[in-house]
Amino acid sequence: MDNPGLLLFALLFILPVLLIPLIVGSRNKKTNELRSRLHEFARQVGGIEYAKHQPARPSFGYFPHNPEIYPNAPFDYAVEFKHRGHDVLAFELERHGHTVGVNSHAINYDAIIEIPIAPCPFLWIGNETNANYDLNLRKHIIPELTVGRHHRRIVVVAHDEEFARSVVDLELLTWIAERIGDYFLRPIILEKGVIRTEVMKSSRLDPDKIIPTVDAILELLDRLPPEIRATHSR
């Protein structure tokens, strides 16, 4: 081709077409390998596995995920099991775009842990940067319930301020920053009869990260008022 401009244009058009199958194939391979590890994890903990293409669903769980962003909602894969006498649900689902600083066509993943608690008002604990991205969260931040500075600041969001103050204090927030994290803190949410957060230190539902995350959440539950804990966890 004599025209360098046309050659460059052709390369820019053809290369993505050639790369897409390779990228998809690599992602599918990683997912299959992860599913194999999760299957072994479920076997070890005596868990029950669920998949998006199966009609069976877990015995509990709250899935507030927008199907436009999460086309496979409520999950791609889930495993339900017991740990230290508590019911636990761990699940993963694809997220298409809609992430700050990420290509709108990119595929990412959310890996979430949920544990049943008693019904209570909405309560969100997390990094201030994450709260400020969402107007519905930002307008309900409780100013006095915060620890840390700048990008490491942890804040509390609640629709019922009196409830939040009865559950959270500065000592608890300091413990969360030290035990779970501050800058990299994934939001901890109490809502619709569950406490939930994303798996610590992993973007996928890594079996090696599930139990450490569950242990951290159970330690947090031990620091909350007894009436928050679900009566059917045993």
Side-chain angles (χ1 to χ4, degrees), residues 45 47 58-65 78-91 110-132 134 136-149 152-202 205 209-234:
V45 300
S59 65
F60 75 96
Y62 177 54
F63 310 100
H65 301 97
V79 56
E80 183 179 355
F81 61 99
K82 282 190 177 293
H83 181 64
R84 290 167 48 185
H86 290 263
D87 297 321
V88 179
L89 179 65
F91 63 96
D110 285 0
I112 298 170
I113 304 292
E114 292 188 349
I115 298 173
I117 59 173
C120 67
F122 174 84
L123 182 68
W124 187 101
I125 303 169
N127 188 281
E128 184 180 39
T129 302
N130 291 332
N132 284 334
D134 187 332
N136 290 325
L137 294 176
R138 188 171 64 209
K139 66 183 180 182
H140 292 293
I141 292 175
I142 301 175
E144 297 83 3
L145 284 180
T146 178
V147 296
R149 301 179 62 188
R152 295 185 178 277
R153 188 188 305 275
I154 294 177
V155 300
V156 176
V157 176
H159 299 162
D160 185 333
E161 185 172 335
E162 183 178 353
F163 168 73
R165 294 183 183 279
S166 72
V167 173
V168 182
D169 57 21
L170 298 183
E171 182 180 350
L172 180 65
L173 293 180
T174 300
W175 178 87
I176 289 173
E178 294 173 350
R179 174 64 176 87
I180 304 177
D182 45 22
Y183 180 65
F184 294 106
L185 176 64
R186 311 291 177 88
I188 301 166
I189 306 169
L190 285 69
E191 183 179 24
K192 302 293 184 180
V194 299
I195 181 171
R196 75 174 185 274
T197 191
E198 295 179 41
V199 171
M200 296 165 53
K201 301 178 181 179
S202 179
L205 191 61
K209 307 298 184 184
I210 293 175
I211 294 300
T213 304
V214 174
D215 283 337
I217 295 304
L218 291 179
E219 289 178 37
L220 173 59
L221 277 176
D222 286 341
R223 288 165 167 76
L224 299 183
E227 57 269 22
I228 295 292
R229 301 164 201 159
T231 56
H232 62 278
S233 290
R234 55 192 181 277

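Nothing fancy with the numbering, it's 1 onward along the sequence.
The shortest side-chain heavy-atom distance between Pro64 and Arg196 falls under the 4.5 Å cut-off. Using a 4.5 Å cut-off on side-chain heavy atoms (C-beta onward), Ile217 and Ile195 make contact. Counting heavy atoms from C-beta outward, Thr197 and Ile112 have side chains that stay 4.5 Å or more apart. Here the side chains of Asn130 and Pro187 are in contact, with some heavy-atom distance below 4.5 Å. Using a 4.5 Å heavy-atom cutoff, the side chains of Leu224 and Leu190 are in contact. Using a 4.5 Å heavy-atom threshold, the side chains of Leu137 and Trp124 count as touching. Side-chain contact check for Pro58 versus Glu80: some heavy-atom pair is nearer than 4.5 Å. At least one side-chain heavy atom of Asp215 sits less than 4.5 Å from a side-chain heavy atom of His83.
Rounding to the nearest 0.5 angstrom, the gap separating the CZ atom in Arg84 from the CG atom in Leu221 is 9.5 Å. Residue Leu185 holds its CG atom at 9.0 Å from CE of Met200, rounded to the nearest 0.5 Å. Atoms CZ and CG, on Phe63 and Leu89 in that order, are 5.0 Å from each other to the nearest 0.5 Å. In this structure, Asp110 CG and Arg186 CZ are separated by 9.0 Å, a value rounded to the nearest 0.5 Å. Atom SG of Cys120 is separated from atom CD1 of Ile228 by 4.5 Å, given to the nearest 0.5 angstrom. For the atom pair Ile113 CD1 and Ile188 CD1, the distance stands at 12.5 Å (nearest 0.5 Å).
Exactly one residue among Asp169, Leu170, Leu220, Val147 makes a side chain to side chain contact (heavy atoms under 4.5 Å, CB included) with Trp175. That residue is Leu220.
In this structure, Tyr62 and Glu114 approach most closely via the heavy-atom pair O-OE2, 2.6 Å. Across all their heavy atoms, Phe163 and Pro121 have their closest contact at CE2-O, 3.6 Å. Heavy-atom minimum distance, Gly181 versus Ile154: O-CD1, 3.7 Å. Here the closest non-hydrogen pair linking Ala164 and Leu123 is CB-CD1, 3.7 Å.
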Next on the checklist: Show, in sequence, the C-alpha distance, side-chain angles and deciding distance for Phe122 and Ile189, and conclude whether the side-chain contact (heavy atoms from CB on, under 4.5 Å) test is met.
Outcome noted: CA-CA 7 Å; Phe122 174 84; Ile189 306 169; 3.8 Å; yes
Checklist entry - Which is it for Lys139 and Asn136 under the side-chain contact (heavy atoms from CB on, under 4.5 Å) test, yes or no, and what are the steps along the way? => result CA-CA 6 Å; Lys139 66 183 180 182; Asn136 290 325; 3.9 Å; yes
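The aromatic rings of His65 and Phe91 lie perpendicular to each other, with more than 60° between the two planes, well past the 30° mark.
The closest donor-acceptor contact from the side chain of Ser202 to the backbone of Lys209 lies at 3.5 Å or more, if one exists at all.
The pair Glu144-Arg165 counts as a salt bridge, with a side-chain nitrogen and a carboxylate oxygen less than 4.0 angstrom apart.
With hydrogens and angles left out, the side-chain atoms of Glu128 and Thr146 include no donor and acceptor closer than 3.5 Å.
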